[in-house]
Amino acid sequence: MKRYNPKEIEKKWQKLWEENGFYKAVDFDKKPKYYTLFEFPYPSGDGLHVGHARPYTAMDAYARSKRMQGYNVLFPIGWDAFGLPTENYAIANKIHPRVATERNVKNFKRQMKMLGLSLDWSREVNTTDPKYYKWTQWIFLQLYKAGLAYRAEISINWCPKCKVGLANEEVVNGKHERCGTPVEKKVKKQWLFAITKYADRLLKDLDTVDYPERVRNSQINWIGRSEGALIKFPISPPKADRPRADNFQFSKEVEVFTTRADTLFGVTFIVVSPELAKQWIDLGWKAPKEVSVYIKKAIDKSELERQENKEKTGVDSGIVAIHPLSKKEIPVWVADYVLAGYGTGAVMGVPAHDERDFEFATKFKLPIIEVVSQDGKVHSFKKAYEGDGVMVNSEGFNGLKSKEGGEKIIKELEKLKVGKSSVNYKLRDWVFSRQHYWGEPIPIIYCKKCGEVAVDEKDLPVLLPDVKHYEPTDTGESPLADIKEWVNVKCPKCDEPAKRETDTMPNWAGSNWYYLAYLMQGISNFQFPISKYKEVFKYWMPIDLYDGGMEHTTLHLLYSRFIYKFLYDKGFVPTAEPYAIRRSHGVVLAEDGRKMSKSYKNVITPDDVVDEFGADTLRLYEMFMAPFDQMVPWSSRSVIGVHRFLDRLWKFYNGKINEGKNEELENGFKKLISKITEDLNSLKFNTAVAAFMEFSNKMIKAKTISKNVLENYLKLFAPFAPHITEELWQKLGHKESINLQNWPKAGEVAKETEITLVVQINGRVRDTIKVKVGISQNEAEKFAMNSEKIKKYLGSQKPKKVIFTGKLINLVV
RNA sequence: GGGCAGGUGGCGGAAUGGCAGACGCGCUGGACUCAAAAUCCAGUGAGAGUAAUCUCGUGAGGGUUCAACUCCCUCCCUGCCCACCA
């Protein structure tokens, strides 16, 4: 008998499958479509490790099973290749990023083919391909024309090491998530996408898609919708007994956002962010010395410093505002616990009912007035009471419940035209400029006469020029700024000399729409307009199952939903949401329980495992090791288990088989079909593999086995271990590939004639008796009472109550 | 501080109201072998007992139920994500 030698068989079948084009999806095919997708990889210099292979192999099993079930399956692949890691890698290794990308892609491709993935390679895309980024730029222009891409001078997060502006999402604990360098502030003119205009829909439409709870919640939390009111506090001329604000003409009022209008009468101070105070200074406010010093210091603080020091600081600005209802004078303070980017950048201080305000008031000895009573008692003010209650000390609103009172106060403010109800979001507009070489050029030209001018669609793509030096510059300008012949162009409008935008797009740009690029077959030949693809988009979209990592929940997953919605509004795509079902796979840790990392030297690559055991073993172990969505450490030891299983299966199919009837096995196999089908549908790959093992143990022990079971077991198992099953399938005498077989049907499970009746006394199992199916409670009770064991237990006692379920009888004494 | 996911043998895990520990790793014993590896067979939650068997057992405590890993309440612990968001 030939030994099970994966090296020999795997390459052979991979070649045959590819040559026959089994995995090419057909546009507009009559079969029902199924679009299944995993996040396209970033082709890094390190290649794949076994963590990447987890979703790839599992989703492959899924795609293969769907094909056998009669679907027209699209399972595509591409490369998200722009961005910093490649640029850094290229700089470190002194090669061009394009060359590095080519090399890395080649390696990734080799590794993925080695795994026997049933990908449609004919639709492969690469975000750094000019034919691809032409469209990325085109989308930018559509957003620009719609007023959703705009330039603004803003304080951005700046990584001094990478010399690049960062989006909020890329700053983690005040550090650049990629390199760990503390982030600094820098004021620069940047491109922004108005994702906040879509905040409400991004939130609401979560109800129309099937995402894991934790993903859904993260997005809801990130968007951070809150309902409240905007309230204006007029600024009053300075009074003699307060430090003079020499000039109060810079603004008529301070506007605040609050979710607790019911606490309005509890306002004892107003706090504005240092950034807002700075704006006032710019508008002509002559702030007292210590105030302007505080403002400057606060603004210069890095993100990290602001987060580290939670002790409240602040300074009395000397400005006085008037309470819109009580007409009391309210002092205005400046403090850095107020965030410039949220709401109006100013808050009303209600120390009795907000912990932060309470802390601030305590520190600076500001008055505290209770206006919401929890139980009729006056509070001692050891801490703020933030819950609802009955309003007190609130003039005409006393006695009302918080919710009702808040609404009434807003109505009153609206009548007086000093306030209105309002909705606020935590979500910020998306900073879309990067000062780097390895990204899509932003298709904008600056003309002295005409200003900002969009590159004409027919002139796309704006090619990324070849340069010798692509290192980031210390000035914070893109390396592209140095390339005179590229930067200097003629204005498309007036033909006068003009300059190109030298910033590039962030690495999220290409992944915004790659799932559409897969549908634009032969992307290189396609021309504008995009409406040409409407039909093919309509056929394939939305994506039926999208797998990806948790780390993209508030990045790629949110960004791409926004872009897709925009394209929907423009009528280019057929649905409001791109992903019908989203699932997230768990991270694979190294054997030592830490993250797999080159620096820990604990990385296991698929190459190692395939070399020793073959691709089918790797595939099965990836699926077997734990529930798909759960984090799990790799275990080299346990890989052997699945290899032994395949080895036994190989020996069994190659050995002497006694063909013949075996009802028990036949029946068990029908159950297996249902089990595997269900487990695949709910992505329970681990229990599916266990069921295959269990059944194969039964087959091997069986005295006889029918051809039906023998053959269909292979079909059922083919999506999981495609190579060995193909080999054994052909060994059974079949000429046609197992890929082309239909999914086995479970059919009716033959009725069992005998079952094991479980007999319990007071809920504890005391005996099991073989009985005929469908016996009555009386019969079951007789059987139970006749059991020696039960007699022994019961002694002279008689059951008070008997519970019978058909399979179980419980005697209560 | 908020949100989410968890806590079951030596390990990864299975069972979502009805025989806890499927499947696999590891371990123990045996067969084969000069020997080892591989393979095959048997065993493997803990405690007691020569044994049949008994008692205990799913983070802790309480509750619902004939019956709870599973449902409810209180608490502890771990991991992940978010966090001065007014």
Side-chain angles (χ1 to χ4, degrees), chain A residues 3 172-173 212-218 220-226 228-229 256-260 263 270-271 273 306-307 309-312 335-350 353-357 359-360 386 424-428 550-551 553-554 586-587 593 620-621 624-627 629-645 647-648 651 684 686-697 700 756-768 789 792 799-813:
Chain A
R3 253 183 67 235
V172 175
N173 292 329
E213 210 40 35
R214 53 185 171 154
V215 172
R216 204 181 117 87
N217 282 326
S218 290
I220 290 172
N221 195 278
W222 193 262
I223 294 166
R225 182 182 201 271
S226 47
V256 302
F257 173 75
T258 180
T259 54
R260 291 295 300 272
T263 65
I270 281 176
V271 200
S273 65
R306 262 204 186 193
Q307 277 175 18
N309 188 8
K310 298 243 163 143
E311 168 103 12
K312 298 270 178 296
D336 69 358
Y337 81 89
V338 177
L339 305 175
Y342 185 78
T344 59
V347 302
M348 57 185 215
V350 186
H353 305 291
D354 182 283
E355 271 182 45
R356 296 152 304 181
D357 296 343
E359 207 187 306
F360 192 76
E386 297 193 329
N424 238 294
Y425 299 93
K426 284 193 213 171
L427 188 69
R428 301 269 69 86
M550 275 306 288
E551 70 274 19
T553 298
T554 51
V587 175
L620 278 187
Y621 183 63
F624 181 63
M625 57 186 169
D629 58 358
Q630 191 177 303
M631 193 186 272
V632 64
W634 185 261
S635 165
S636 301
R637 201 59 246 184
S638 300
V639 177
I640 291 166
V642 284
H643 188 252
R644 282 184 190 146
F645 157 55
D647 201 38
R648 276 197 295 271
K651 282 182 187 150
K684 286 159 86 175
N686 57 328
T687 50
V689 175
F692 278 119
M693 289 175 169
E694 204 174 351
F695 194 80
S696 101
N697 290 341
I700 291 166
T756 307
L757 179 74
V758 176
V759 186
Q760 297 182 332
I761 295 176
N762 291 340
R764 313 210 55 150
V765 179
R766 293 308 181 189
D767 199 7
T768 54
K789 286 180 186 169
K792 206 177 99 192
K800 272 189 285 190
K801 197 173 167 186
V802 178
I803 280 100
F804 178 67
T805 66
K807 284 191 294 189
L808 178 142
I809 184 161
N810 190 11
L811 310 172
V812 186
V813 297

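Here is how names work: the chains are called A, B, and so on, in the same order as the sequence lines, proteins then strands, and each is numbered from 1.
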Side-chain N or O of [X] versus OP1/OP2 of [N]: is the shortest distance under 4.0 Å?
{"X": "A/Asn697", "N": "B/G24", "answer": "yes"}
{"X": "A/Thr553", "N": "B/C81", "answer": "no"}
{"X": "A/Gln760", "N": "B/C66", "answer": "no"}
{"X": "A/Lys801", "N": "B/C66", "answer": "yes"}
{"X": "A/Arg764", "N": "B/C56", "answer": "yes"}

Subject >> Non-hydrogen side-chain atoms of A/Thr263 and A/Met348 separated by less than 4.5 Å >> reply: yes
Handout entry: Any A/Ile803 side-chain heavy atom under 4.5 Å of A/Val812 side chain
Key = yes
G-U wobble or Watson-Crick pairing nucleotide for [N] (cut-off 3.5 Å, both distances):
{"N": "B/G47", "result": "B/C54"}
{"N": "B/U74", "result": "B/A60"}
{"N": "B/C34", "result": "none"}
{"N": "B/G29", "result": "B/C41"}
{"N": "B/C4", "result": "B/G79"}
{"N": "B/A67", "result": "none"}
{"N": "B/U16", "result": "none"}

Please check this pair: side chain of A/Arg225 against backbone of A/Ile223, looking for a donor-acceptor N/O pair closer than 3.5 Å.
no
Q | A/Thr768 (side chain) donor-acceptor with A/Leu757 (main chain) under 3.5 angstrom | A | no
Practice task
Determine, for A/Phe360 and A/Lys312, whether the Lys NZ or Arg CZ falls below 6.0 Å from the six-membered ring centre while staying within 45 degrees of the axis.
Solution key: no
How many Å lie between [atom1] on [X] and [atom2] on [N], as a whole number?
{"X": "A/Leu427", "N": "B/A83", "atom1": "CG", "atom2": "P", "value": "12 Å"}
{"X": "A/Ile640", "N": "B/C11", "atom1": "CD1", "atom2": "C1'", "value": "14 Å"}
{"X": "A/Arg216", "N": "B/C4", "atom1": "CZ", "atom2": "C1'", "value": "13 Å"}
{"X": "A/Phe695", "N": "B/G24", "atom1": "CZ", "atom2": "P", "value": "15 Å"}
{"X": "A/Ile223", "N": "B/C82", "atom1": "CD1", "atom2": "C1'", "value": "14 Å"}
{"X": "A/Trp222", "N": "B/G3", "atom1": "CH2", "atom2": "P", "value": "18 Å"}

Value for CG (A/Asn686) from CG (A/Leu620), rounded to nearest 0.5 Å, stands at 12.5 Å
Per [X] side chain, nearest of listed nucleotides [options]:
{"X": "A/Asn221", "options": "B/G12, B/C25, B/C82", "answer": "B/C82"}
{"X": "A/Val632", "options": "B/A86, B/G18, B/G12", "answer": "B/G12"}
{"X": "A/Ser218", "options": "B/A86, B/C81, B/A22", "answer": "B/C81"}
{"X": "A/Phe624", "options": "B/C19, B/A86, B/G24", "answer": "B/G24"}
{"X": "A/Asn810", "options": "B/C40, B/C66, B/C23", "answer": "B/C66"}
{"X": "A/Ile803", "options": "B/A86, B/C66, B/G12", "answer": "B/C66"}
{"X": "A/Asn217", "options": "B/C4, B/C25, B/C81", "answer": "B/C4"}
{"X": "A/Asp354", "options": "B/C66, B/C19, B/A86", "answer": "B/A86"}
{"X": "A/Met693", "options": "B/C81, B/C66, B/G24", "answer": "B/G24"}
{"X": "A/Arg644", "options": "B/A67, B/G24, B/G26", "answer": "B/G26"}

Rounded distance in Å between the [atom1] positions of [N] and [M]:
{"N": "B/U78", "M": "B/A15", "atom1": "P", "answer": "27 Å"}
{"N": "B/C69", "M": "B/U58", "atom1": "P", "answer": "7 Å"}
{"N": "B/C11", "M": "B/U44", "atom1": "C1'", "answer": "14 Å"}
{"N": "B/A46", "M": "B/G21", "atom1": "C1'", "answer": "13 Å"}
{"N": "B/C76", "M": "B/A22", "atom1": "P", "answer": "34 Å"}
{"N": "B/G17", "M": "B/G63", "atom1": "C1'", "answer": "16 Å"}
{"N": "B/C77", "M": "B/A83", "atom1": "P", "answer": "24 Å"}
{"N": "B/G45", "M": "B/C23", "atom1": "P", "answer": "13 Å"}

query = Is a donor-acceptor pair below 3.5 Å formed from side chain A/Lys312 to base B/C84, judging by atom type as modelled?
reply = yes
Please work out which of the three classes, parallel, tilted or perpendicular, describes the rings of A/Tyr342 and A/Phe257, given edges at 30° and 60°. perpendicular
Assign each of A/Arg766 and A/Thr687 the nucleotide of RNA chain B bearing its closest heavy atom; nearer the 5' end lies the nucleotide of A/Thr687
Ranking A/Phe257 and A/Ser635 by the position along RNA chain B of their nearest nucleotide, the one closer to 5' is A/Ser635
Given the 90°-from-0 boundary between syn and anti, B/G9 should be labelled syn
Just by distance, no angles: are the side chains of A/Ser636 and A/Tyr621 close enough, under 3.5 Å, to form a donor-acceptor pair?
no
